[in-house]
Amino acid sequence: MLTMKVLVLLQPRNLLRGVPRSWAHRLASLQSASQLPEKKLQALLFPLSALEGQLTGGFSIADLQLFEPSMGDIARAERLFCPSAKHKIDYFSSAVRMDHAPLIRQPEVCFIGRSNVGKSSLIRVLFSLAPEVEIRVSKTPGHTKKMNFFTVGKAFTLVDMPGYGYKAPKDFVEMVESYLETRRNLVRTFLLVDGAVGIQEADRVAIEMCNEFGLPFVIVMTKIDKSRQGTLLSNLLQVREVIRTHTVCCYPQPFLVSSTQYTGVHVLRCFIAHVTGNLPLSGDVTEKPTR
Ligand code: GDP
């Protein structure tokens, strides 16, 4: 049993207490993050575990945390996000309409979410080991008006979709809906929900869209450093309930991330590597996908 003192230490908000801000980028790679004390490293990699003991209502983290790659898996996945002469990671192209989208054969993942949910920031930290990849991060809601395609060598493509909701571009529905409905190489959709506010009406519309098209998708809760522990927990329970009762092909585990503190980012890279078929997991992992 973890003592109260340790539980407090494991709270996401406290994760990097004492770590100077200028160090944040050093957490971008597993090797540098591994310099953290063991408990802080675990909380950085597996933020759901850091909530262990806080959940009530008859279920535990074991019910939720299904994707638990080994350190070796995380390290191998990370190599995919490190560019080399033979493995270029770069912005590829943009499109405002589906018929302008590049024809690509490799597996694709896309990131969707309400404007300001933290999508550009998350993509930027996912690619932080490839600093030449420029991801625009804006403080103005609705700045992403195009589908932006990024290639990760020949391994997969990542697509940054326009934000929806308040101030979404008018042609959002036409663009995103037709992308989700017709993109043949799309293997997983990452639907971002603000961890500080939980699922909003616009998110429910996006969930419905994924359900309607039978898309395998994953809910990622962003900005977990920003919310109070109680708020994060109640939003986590809300997300879990929506996944359980209102989704068809959603991965049962929500992923928790903070782009400012790199929390959950290493394991998210690993999940992307896995679902795009680039990382067979080693034996010491439990994964029970719905599809
Ligand atoms: P987008 O419109 O979904 O692409 O959102 P952005 O990535 O541009 O982020 C919107 C705002 O949220 C910006 O001011 C970011 O600095 C902030 N933000 C993004 N991610 C995080 C996070 O993990 N933690 C905190 N505290 N702020 C974040």
Side-chain angles (χ1 to χ4, degrees), residues 10 12 15-16 19 22-52 61-62 64-90 106-109 111 121-133 135 150-158 187-188 190 218 220-222 224-225 251 253-289:
L10 291 181
L15 190 64
L16 301 179
V19 176
S22 56
W23 266 40
H25 70 283
R26 294 187 56 194
L27 301 175
S29 77
L30 184 62
Q31 192 188 16
S32 51
S34 298
Q35 319 245 332
L36 289 173
E38 179 59 24
K39 283 189 177 120
K40 288 193 176 189
L41 175 63
Q42 284 302 312
L44 178 77
L45 299 179
F46 300 104
L48 265 178
S49 296
L51 298 172
E52 184 81 72
I61 286 299
L64 270 185
Q65 188 160 292
L66 308 172
F67 187 73
E68 288 187 284
S70 66
M71 294 294 268
D73 291 329
I74 299 172
R76 281 187 295 130
E78 195 168 285
R79 281 188 222 135
L80 210 58
F81 289 83
C82 297
S84 68
K86 286 188 172 165
H87 180 72
K88 293 223 168 18
I89 301 176
D90 218 342
Q106 62 233 38
E108 192 156 281
V109 293
F111 281 63
S121 304
L122 180 59
I123 294 173
R124 193 177 57 167
V125 298
L126 285 170
F127 284 145
S128 54
L129 301 170
E132 68 278 14
V133 180
I135 318 289
F150 300 89
T151 45
V152 178
K154 292 190 170 58
F156 67 91
T157 325
L158 186 151
V187 294
R188 199 70 53 129
F190 291 80
V218 185
V220 179
M221 297 179 70
T222 61
I224 63 164
D225 61 285
Y251 191 73
Q253 172 188 331
F255 284 73
L256 271 48
V257 296
S258 161
S259 299
T260 52
Q261 304 196 334
Y262 283 89
T263 320
V265 169
H266 309 78
V267 169
L268 190 61
R269 284 189 191 127
C270 189
F271 189 74
I272 294 170
H274 180 53
V275 297
T276 53
N278 290 291
L279 183 78
L281 296 170
S282 59
D284 55 344
V285 66
T286 314
E287 198 207 358
K288 302 163 194 154

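Predicted, not measured: the structure shown is a model, and the values here were computed from it.
- Around atom CD of Glu132, more than 12 heavy atoms belonging to other residues, nucleotides or ligands sit under 6.0 Å away.
- The two residues Pro69 and Ile74 come nearest to each other via the heavy atoms CG-CG1, 3.9 Å.
- When side chains are defined from C-beta on, Tyr251 does not count as touching Val275, because their heavy atoms never get closer than 4.5 Å.
- Under the 4.5 Å side-chain criterion, counting only non-hydrogen atoms from C-beta, Arg188 is not in contact with Thr276.
- Taking NZ of Lys40 as the start and CG of Leu44 as the end, the distance is 11.0 Å to the nearest 0.5 Å.
- Contact of the Thr222 side chain with the Ser259 side chain is not registered, since no non-hydrogen atoms from C-beta on lie closer than 4.5 Å.
- What you find for His266 and Ala33 is that their closest heavy atoms are NE2-CB, 4.2 Å.
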Report the C-alpha distance between Val257 and Val125 in whole Å, list the side-chain angles of each, state the deciding distance to 0.1 Å, and finish with yes or no for side chain to side chain contact (heavy atoms under 4.5 Å, CB included). CA-CA 10 Å; Val257 296; Val125 298; over 6 Å; no
I would like to know whether Leu129 and Ser29 meet side chain to side chain contact (heavy atoms under 4.5 Å, CB included); could you show each step before the answer? CA-CA 7 Å; Leu129 301 170; Ser29 77; 3.8 Å; yes
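- Between the NZ atom of Lys88 and the NZ atom of Lys154 there is a distance of 9.5 Å, given to the nearest 0.5 Å.
- Closest heavy-atom contact between Cys270 and Leu281: SG-CD2, 4.3 Å.
- The residue from Leu122, Asp90, Leu158 that alone fulfils the side-chain contact (heavy atoms from CB on, under 4.5 Å) condition with Phe127 is Leu158.
- At least one donor-acceptor pair closer than 3.5 Å links the side chain of Glu78 to the backbone N or O of Leu30.
- Using a 30° and 60° split on the angle between ring planes, Phe271 and Phe190 fall in the perpendicular class, above 60°.
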Dump the intermediate steps for side chain to side chain contact (heavy atoms under 4.5 Å, CB included) on Leu27 and Leu36, then the final yes or no. CA-CA 9 Å; Leu27 301 175; Leu36 289 173; 3.7 Å; yes
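- Contact detail for His87 and Gly153: the closest heavy-atom pair is ND1-CA, 3.6 Å.
- A donor-acceptor pair under 3.5 Å is formed between the side chain of Arg269 and the backbone N or O of Leu126.
- When all heavy atoms are compared, the tightest approach of Phe255 to Val218 is CD1-CG1, 3.4 Å.
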Passes side chain to side chain contact (heavy atoms under 4.5 Å, CB included), Ser128 versus Phe81? Steps please. CA-CA 8 Å; Ser128 54; Phe81 289 83; over 6 Å; no
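- For Asp73 against Leu279, the heavy-atom pair with the smallest separation is O-CD2, 3.7 Å.
- Using modelled atom types, one finds no donor on one side chain facing an acceptor on the other under 3.5 Å when comparing Thr157 with Thr151.
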